[in-house]
Every structure is written in structure tokens, then in C-alpha cells.
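Letters A, B, ... are given to chains in the order of the sequence lines, protein chains preceding strands, and every chain is numbered from 1.
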Number of protein chains: 2
Amino acid sequence: MLALSLLDRAGAAGAKITPQRKVICRALECSGDHPDVDQLLARARESDPGLSLASVYRTLRALEDLDLVWKHDFGDGRARYEVRHDDHHDHLIDTISGQIVEFHDPELEALKKRIAARLGYRLEGHSLALFGRPADGESQTP
Amino acid sequence: MLALSLLDRAGAAGAKITPQRKVICRALECSGDHPDVDQLLARARESDPGLSLASVYRTLRALEDLDLVWKHDFGDGRARYEVRHDDHHDHLIDTISGQIVEFHDPELEALKKRIAARLGYRLEGHSLALFGRPADGESQTP
DNA sequence: CTATTTGCAAATCATTTGCAAAAAT
DNA sequence: ATTTTTGCAAATGATTTGCAAATAG
């Protein structure tokens with residue numbers, strides 16, 4: 001019972017529970033990847049074909065404002081979304097396949113804070129994306 | 001004589017030298033900050049009032065393709081540009097003032113490569129921006 | 001009941017592009 | 001002379017918004 005659903009957390013934060021929000025939240029939670037708005041709309045429309053693009057945008061914005069989802073920019077034009085969990089991670093984008101690899105590195109976390117502090121700042125957030133190609137002998141044909 | 005101008009480097013790379021490119025390159029080189037396209041257009045128009053927005057976009061794109069300028073995304077909608085020098089640095093965005101602080105951290109550079117390697121990738125690039133507010137007792141009134 | 005949310009279509013904003021004229025090599 | 005670049009204006013693509021009808025609390 002530790003994990004409240006995205007919808008429940010939004011409700012607890014005061015958001016009204018609508019059928020479209022239910023569907024959008026569920027679609028995002030069921031996404032193992034980092035869908036963009038169109039992908040999310042398509043997935044949510046499997047449950048509610050009448051769902052509008054505007055509602056997806058508005059819902060995602062609301063969830064982002066509540067700090068319940070992360071909005072990412074991975075370099076291509078569109079925003080990508082992901083449910084925000086306690087565990088923090090960053091992303092590496094495979095420039096060959098477009099695949100996104102998540103990783104967590106405590107050393108990196110500490111270093112970011114230390115750098116900000118050195119500059120006289122308190123770290124509030126960051127955006128980090130690594131871009132790389134599979135090293136020889138790994139996943140792709142070289 | 002070690003430092004070729006942006007324009008010279010573009011010319012050396014085969015780009016045609018036009019008056020508008022001269023003005024755009026000079027404007028970017030004289031910018032101590034990280035101007036967006038509109039700012040750059042405004043600055044360049046001080047020298048050439050007839051300069052078009054499209055030429056600024058096209059020139060920046062060409063310079064970026066030649067790896068002569070960096071294109072940054074600092075979270076607001078627009079792209080920011082900066083002449084690319086040998087020294088590498090990342091950015092911290094002051095969330096209070098919007099000021100951008102540049103920094104370089106060798107430990108961070110090494111760590112990024114190490115993380116990519118651990119995941120089986122060769123690092124090709126990265127985008128990193130830290131967001132923070134001035135720590136108490138520093139630059140701003142708390 | 002009253003404030004919020006929805007779908008639609010039109011509006012925005014940054015960026016790109018087609019085209020004919022102008023200019024660089 | 002040939003190819004590239006320019007300015008303009010129209011096109012694009014992602015995201016936002018005005019509005020009247022629908023709906024959650």
C-alpha cells in the first residue's frame with residue numbers, strides 16, 4: 001500500500017477526478033518508456049477514443065505542476081513524460097537506436113550538489129542527458 | 001594569432017563569406033552571454049538593419065553543423081547560442097535572476113564518460129544544466 | 001449549484017522552407 | 001557562369017487558449 005497511483009496522488013493534491021484524467025494517468029503509468037504527447041494520446045484513446053489532445057496537454061501540465069510527473073527534453077522537438085517516483089535517475093540516449101537508458105549514479109548526484117554549492121547556489125533541479133553510441137562488442141553491430 | 005575568428009573558421013570550412021554572415025558571426029562573438037535568435041538578430045541589425053530573421057536561423061544552423069557554435073536549451077522555449085571554443089564548460093541557471101553561470105569540472109567530465117562506459121556506450125555528447133538559487137549570504141537578498 | 005474541465009477550433013510561438021532575385025566564388 | 005545565399009512570406013509543428021457545453025464535488 002505504499003505506492004499510491006498517479007491518479008490518487010493527483011486527487012489527494014486537490015485535482016478533480018475525471019474519466020479522461022483516469023485514462024491519461026493510467027496510460028502514463030503503464031508506459032515503460034518516456035512517451036511524448038501524441039504517443040500518450042494514442043495509448044489513452046485505446047480506452048477512451050473521444051479523448052482530446054488538449055486534455056492530454058492540460059492534464060500533463062497539471063501533473064507537472066504538482067510535481068507528479070517529469071517532463072523531459074531529449075533533444076528532438078517534443079516533450080517526453082514519465083511518472084515521478086522517489087528514485088532519481090538520469091538518461092542516456094542511444095544515438096543509433098533512439099533507445100533511452102536510465103541510470104542512477106550517487107557519485108553524480110553528490111557531484112552536482114557540490115558544484116552548485118561551489119558556485120554559491122543551492123541546487124533546485126537539473127537536466128542531464130548523455131548521448132552515446134553502443135561501444136564495440138555491445139548491443140549493436142559496429 | 002592562435003584564435004581564428006568564427007567567420008574565418010567558417011570560411012576555412014568552405015562556407016561562403018557574405019556580409020550578413022560577417023555581421024552575425026561578429027554579433028555572436030561579441031556576445032558575452034548566450035543570446036537567443038531574436039537577441040542575436042537585434043544585435044546584428046545594429047550593423048545591418050536589413051538583415052532577415054531567416055538568415056540568422058540559417059547561419060546558426062550552418063555554424064552548428066560545422067561544430068563552430070553550441071546550441072543550448074535552457075528550459076525556456078527558445079534556443080540559445082554560444083561560440084564553441086576548445087574549453088568545455090557546462091551551465092548553471094540562476095532560477096531567480098535567470099543569469100547563466102558557466103563552470104567546468106574535470107571530475108564531472110570524467111564521471112560522464114565513466115557512466116556511459118559502464119552502460120556500454122561511448123559518450124558522444126551530453127546536455128547538462130543545473131538549476132539553482134543563490135545560497136544564503138551569496139549574491140542575492142535571501 | 002458553482003467552479004472546474006472538456007472538446008473543438010482558432011491562435012501562438014519558435015523554427016523552417018519555397019521561391020525568385022541577388023551575390024559569392 | 002554556376003551554385004549558394006538572401007529576404008519575404010507562407011508553411012510547419014508543438015503547444016496553448018477562448019469559448020460554450022458538460023460534469024465533478
S.K.: Sort out for me which residue in B:Val83, B:Asp67, B:Leu63 forms a side-chain contact (heavy atoms from CB on, under 4.5 Å) with B:Arg9.
M.R.: B:Val83
S.K.: Any salt bridge linking A:Arg114 with B:Glu107? Criterion: basic side-chain nitrogen under 4.0 Å from a carboxylate oxygen.
M.R.: yes
S.K.: Please confirm whether the shortest side-chain N or O distance from A:Arg78 to OP1 or OP2 of C:dA14 is below 4.0 Å.
M.R.: no
S.K.: Could you give the CG-to-C1' distance, from B:Asp73 to C:dA14, as a whole number of Å?
M.R.: 12 Å
S.K.: Reckon A:Tyr57 has a side-chain N or O less than 4.0 Å from the OP1 or OP2 of D:dT15?
M.R.: yes
S.K.: So which of residues 39-56 of chain B are in contact with DNA chain C, with a heavy-atom cut-off of under 4.0 Å?
M.R.: B:Leu53, B:Ala54
S.K.: Think B:Arg61 has a side-chain N or O under 4.0 angstrom from the OP1 or OP2 of C:dT16?
M.R.: yes
S.K.: If we count only N and O atoms by modelled type, under 3.5 Å, do the side chains of A:Asp105 and A:His89 hold a donor and an acceptor together?
M.R.: no
S.K.: Applying side chain to side chain donor-acceptor pair (under 3.5 Å) between B:Ser31 and each of B:Glu82, B:Arg26, B:Gln39, B:Arg43, report the one that passes.
M.R.: B:Arg43
S.K.: Taking atom types as they are modelled, would you say the side chain of B:Lys16 forms a donor-acceptor pair with the base of D:dT3 within the 3.5 Å cutoff?
M.R.: yes
S.K.: Give a yes/no answer on whether the side chain of B:Arg58 brings an N or O atom under 4.0 Å of OP1 or OP2 in C:dT16.
M.R.: no
S.K.: Measure from CG on B:Leu60 to P on C:dT15 and round the result to the nearest Å.
M.R.: 10 Å
S.K.: Near DNA chain C, under 4.0 Å by heavy atom, which residues of residues 17-31 of chain A?
M.R.: A:Thr18, A:Gln20, A:Arg21
S.K.: State whether a side-chain donor-acceptor pair under 3.5 Å links B:His104 with B:Glu109.
M.R.: no
S.K.: Using the benzene-type ring in the case of Trp, are the ring centres of A:Phe131 and B:His126 under 6.0 Å apart?
M.R.: no
S.K.: Does the pair B:Lys112/A:Asp90 count as a salt bridge with the N-to-O cut at 4.0 Å?
M.R.: no
S.K.: Looking at B:Arg45, I want to see if its CZ is surrounded by more than 12 non-hydrogen atoms of other residues, nucleotides or ligands under 6.0 Å.
M.R.: yes
S.K.: Grab the CG-C1' distance between A:Asp65 and C:dT5 for me, whole Å please.
M.R.: 15 Å
S.K.: Examine distances only and state if a side-chain atom of A:Thr95 and a backbone atom of A:Gly132 form a donor-acceptor pair shorter than 3.5 Å.
M.R.: yes
S.K.: Can you tell me how far P of C:dA14 sits from CD of B:Glu64, to the nearest Å?
M.R.: 18 Å
